[in-house]
Novice: 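Mind looking over this structure? Questions follow.
Predicted model only: the values in this text are computed from it and were never measured.
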Amino acid sequence: MASSKPVRARRGELIFVGCGIQLGRHLSRRVASEIKIADRVFGLVDAFAWDWLKAERPDAIALTDYYGEGKDRRQTYREMEDAVCREVERGYRVCVVLYGHPGVFADMPHTAIRRMSRLGFHTAMEPGISAEACLYADLGLDPGKFGVQSLEATQFLVFERTLDPAGLLILWQLALVGDLSCTRFDTSPERLGLLVDKLLRWYLPTTPVILYEAAQVAVQPVRAESITLQQLPAAELVEHTTLVIPPAVQLRRDEAVLRKLEWIAQ
């Protein structure tokens, strides 16, 4: 009769780590150490990082194998979570390596950590350099100067959101905008047109916008293409294209609050 006890005597552990956008430049020593000492390693990374990971850990398991043509991504992520959590429950120290920052635009790590934490397993997340961090550096933008709204494009499109055009706006996963089925990896001019129509509540058609793509390797150029908002439906997009709209109007002083602050300072 098979034993129901864990394969190992000690309790399992789960850690998600980020390898950054450019592996050679962004991989931290802590992340490299976690990959080295783990019993089980899973990877959901770009091709360059995967080649490196397989060289370091030939036993690494590719989570990309769970994707399928026409398959709902929500089902894919549930299967990934189950695969990772099974190994933790068997008593192994599990390290999951993700592209960029493991906690940014990645729901599966958060759900897996909550699931394992409730069962009493040790869990952790080691941050990585995200595409947003690269964006500020590549475009010379300081989110602290005017403020920033950072939103997923489809969420912005289908929910009631209020924008502040005096601040910086970042819309992520632009190439997937309007896909309610979660089965596609592209969009259409019609869906992009709906996005533009909504943005026109706060911006002019001639508002300058930037199509941004971080460089995945040092020799690759950053994409920072300037177009106008009305040109967006005809733009060429890839899966990691991000829409950036710099502040379009001047900040307005709140004179009532300023007067109160002056009175307090007296």
Novice: Test side-chain contact (heavy atoms from CB on, under 4.5 Å) on Leu98 and Cys19; report intermediate values, then the result.
Specialist: CA-CA 6 Å; Leu98 298 184; Cys19 65; over 6 Å; no
Novice: Could you tell me whether Arg115 and Glu81 have a side-chain N and a carboxylate O separated by less than 4.0 Å?
Specialist: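 Looking at Glu81 together with Arg115, the answer is yes, because their closest N to O distance falls below 4.0 Å.
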Novice: With side chains defined as the heavy atoms from C-beta onward, is the minimum distance between Leu194 and Leu192 less than 4.5 Å?
Specialist: no
Novice: Going by side-chain contact (heavy atoms from CB on, under 4.5 Å), name the residues that satisfy it together with Leu200, two or more places apart in sequence or in a different chain.
Specialist: Val196, Asp197, Pro205, Leu229
Novice: Quick one: do Val104 and Leu44 end up in the same hydrophobic cluster if we chain Ile, Leu, Val, Met, Phe, Trp and Tyr together by side-chain heavy atoms under 4.5 Å apart?
Specialist: no
Novice: Out of curiosity, Lys54 NZ to Asp59 CG, how far, rounded to the nearest 0.5 Å?
Specialist: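 So the gap between those two atoms works out to 7.0 Å.
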Novice: So, the side chain of Lys198 versus the backbone of Gly193: is there a donor-acceptor pair under 3.5 Å, distance only?
Specialist: no
Novice: Under 3.5 Å, is there a donor-acceptor pair between the side chain of Arg40 and the main chain of Arg93?
Specialist: no
Novice: Apply side-chain hydrogen bond (donor to acceptor under 3.5 Å, both in side chains) to Glu190 and list each qualifying residue two or more places apart in sequence or on a separate chain.
Specialist: Ser188
Novice: Do the side chain of Ser117 and the main chain of Ile113 share a donor and acceptor less than 3.5 angstrom apart?
Specialist: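 Flag set: sc Ser117 to bb Ile113 pair under 3.5 Å.
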Novice: Under a 4.0 Å N-O cut-off, is there an ion pair linking Glu87 with Arg90?
Specialist: yes
Novice: In terms of hydrophobic clusters joined by side-chain contacts under 4.5 Å, are Phe48 and Val222 together?
Specialist: no
Novice: I'd like to know whether Met116 forms a side-chain contact (heavy atoms from CB on, under 4.5 Å) with Cys85, so could you lay out the CA-CA distance, the side-chain angles of the two residues, the decisive distance to 0.1 Å, and finally the verdict.
Specialist: CA-CA 7 Å; Met116 292 294 95; Cys85 291; 3.6 Å; yes
Novice: Decide yes or no for Ile15 and Val94: does some side-chain heavy atom of the first lie under 4.5 Å from some side-chain heavy atom of the second?
Specialist: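 No, too far: nothing below the 4.5 Å cut-off.
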Novice: Between Arg223 and Leu237, which heavy-atom pair has the shortest distance, and what is it?
Specialist: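 Scanning both residues, the minimum pair turns out to be NH1-CA, 4.4 Å.
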Novice: Name all residues meeting the side-chain hydrogen bond (donor to acceptor under 3.5 Å, both in side chains) criterion together with Gln149; count only those two or more places apart in sequence or in a different chain, and write none if there are none.
Specialist: none
Novice: Within this structure, what is the OH-OG1 distance for the pair Tyr66 and Thr76, rounded to the nearest 0.5 Å?
Specialist: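 Here the interatomic distance stands at 10.5 Å.
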Novice: Taking the side chain as every heavy atom from C-beta outward, state whether Glu126 and Pro102 have any atom pair closer than 4.5 Å.
Specialist: no
Novice: Apply the hydrophobic cluster definition, ILVMFWY joined by side-chain contacts under 4.5 Å directly or through others, and give me every member besides Leu251.
Specialist: Phe146
Novice: Would you tabulate the side-chain donor-acceptor contacts of residues 159-175 under 3.5 Å, counting partners in other chains and residues two or more places apart, or write 'none'?
Specialist:
{"residue": "Arg161", "atom": "NH1", "partner": "Gln155", "partner atom": "OE1", "Å": "3.0"}
{"residue": "Asp164", "atom": "OD1", "partner": "Ala166", "partner atom": "N", "Å": "3.1"}
{"residue": "Trp172", "atom": "NE1", "partner": "Ser150", "partner atom": "OG", "Å": "2.6"}

Novice: Can you list the other members of the hydrophobic cluster that holds Trp263, where links are side-chain heavy atoms under 4.5 angstrom apart?
Specialist: Ile264
Novice: What are the two closest heavy atoms between Gly103 and His110, and how far apart are they?
Specialist: O-NE2, 3.0 Å
Novice: Going through the distances and angles, do Cys134 and His26 end up as a side-chain contact (heavy atoms from CB on, under 4.5 Å)?
Specialist: CA-CA 10 Å; Cys134 294; His26 296 168; 3.8 Å; yes
Novice: What are the two closest non-hydrogen atoms of Arg11 and Leu119, and how far apart are they?
Specialist: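 In this case the closest contact between Arg11 and Leu119 is NH2-O, 3.1 Å.
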Novice: Between Gly18 and Val31, which heavy-atom pair has the shortest distance, and what is it?
Specialist: O-CG2, 3.5 Å
Novice: Share the residues that join Ile21 in a hydrophobic cluster, the rule being Ile, Leu, Val, Met, Phe, Trp or Tyr side chains under 4.5 Å apart at the heavy-atom level.
Specialist: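 Other cluster members: Tyr99.
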Novice: Would you find a donor on one side and an acceptor on the other, under 3.5 Å apart, between the side chain of Arg57 and the backbone of Ala38?
Specialist: yes
Novice: Are more than 12 heavy atoms, taken from residues, nucleotides or ligands other than Glu236, located less than 6.0 Å from that residue's CD atom?
Specialist: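 Incorrect, the count does not exceed 12.
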Novice: Are Met108 and Arg78 close enough that some pair of their side-chain heavy atoms sits under 4.5 Å apart?
Specialist: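 A side-chain contact under 4.5 Å is absent here.
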Novice: Are Met80 and Tyr92 connected in the hydrophobic side-chain network, where two residues link if heavy atoms are under 4.5 Å apart?
Specialist: yes
Novice: With sequence neighbours left out, write down each residue that passes side-chain hydrogen bond (donor to acceptor under 3.5 Å, both in side chains) with Thr64, or none if nothing qualifies.
Specialist: none
Novice: Going by heavy atoms in the side chains, are Val41 and Val97 under 4.5 Å from each other?
Specialist: yes
Novice: One pair to check against side-chain contact (heavy atoms from CB on, under 4.5 Å): Leu258 and Arg253. What are the steps and the verdict?
Specialist: CA-CA 8 Å; Leu258 285 171; Arg253 292 158 59 99; 3.2 Å; yes
Novice: Is there a side-chain contact between Leu199 and Thr207, using heavy atoms and a 4.5 Å cut-off?
Specialist: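 With C-beta onward as the side chain, the pair stays apart.
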Novice: Under 4.5 Å between side-chain heavy atoms, counting indirect links through other Ile/Leu/Val/Met/Phe/Trp/Tyr residues: same cluster for Val244 and Leu176 or not?
Specialist: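 Unlinked, Val244 and Leu176 end up in two clusters.
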Novice: According to side-chain contact (heavy atoms from CB on, under 4.5 Å), who are the partners of Ser130, at least two apart in sequence or on a separate chain?
Specialist: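 Ser130 satisfies side-chain contact (heavy atoms from CB on, under 4.5 Å) with His101, Glu132, Ala133 once adjacent residues are dropped.
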Novice: Find out whether Leu195 and Thr154 are in side-chain contact, i.e. whether some heavy atom of one side chain is under 4.5 Å from a heavy atom of the other.
Specialist: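 Heavy-atom side-chain distance check fails, nothing below 4.5 Å.
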Novice: Which pair of heavy atoms, one from Ser226 and one from Ile210, lies closest together, and at what distance?
Specialist: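 Here Ser226 and Ile210 meet closest at OG-CG1, 4.3 Å.
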Novice: I need the minimum non-hydrogen distance between Trp50 and Gly43, along with the two atoms involved.
Specialist: CZ3-CA, 4.1 Å
Novice: Report the C-alpha separation of Thr228 and Thr206 in whole Å, then their side-chain angles, then the decisive distance to 0.1 Å, and conclude whether the side chain to side chain donor-acceptor pair (under 3.5 Å) test is met.
Specialist: CA-CA 5 Å; Thr228 62; Thr206 54; over 6 Å; no
Novice: Quick one: are Trp52 and Val45 in side-chain contact, heavy atoms under 4.5 Å?
Specialist: no
Novice: Could you tell me which residues satisfy side-chain contact (heavy atoms from CB on, under 4.5 Å) with Asp65, sequence neighbours excluded, listed by chain and number?
Specialist: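 If we apply the side-chain contact (heavy atoms from CB on, under 4.5 Å) test to Asp65, skipping adjacent residues, the hits are Ala62.
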Novice: With sequence neighbours left out, what residues match Glu79 under side-chain hydrogen bond (donor to acceptor under 3.5 Å, both in side chains)?
Specialist: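 Glu79 satisfies side-chain hydrogen bond (donor to acceptor under 3.5 Å, both in side chains) with Lys71, Gln75 once adjacent residues are dropped.
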Novice: Measuring from atom OH of Tyr136 to atom CG of Leu141, what distance do you get when rounded to the nearest 0.5 angstrom?
Specialist: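 Between Tyr136 OH and Leu141 CG, I get 8.5 Å after rounding to 0.5 Å.
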Novice: What residues form a side-chain contact (heavy atoms from CB on, under 4.5 Å) with Asp254, not counting sequence neighbours?
Specialist: Ala256, Val257
Novice: Please determine whether side chain to side chain donor-acceptor pair (under 3.5 Å) holds for the pair Tyr212 and Asp138, giving the CA-CA distance in whole Å, both sets of side-chain angles, and the decisive distance to 0.1 Å.
Specialist: CA-CA 9 Å; Tyr212 172 75; Asp138 291 334; 2.6 Å; yes
Novice: Test of understanding: clusters of I, L, V, M, F, W, Y form through side-chain heavy atoms closer than 4.5 Å, transitively. Do Val209 and Phe156 belong to the same one?
Specialist: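 Yes; tracing contacts between hydrophobic side chains, which count when under 4.5 Å, links both residues.
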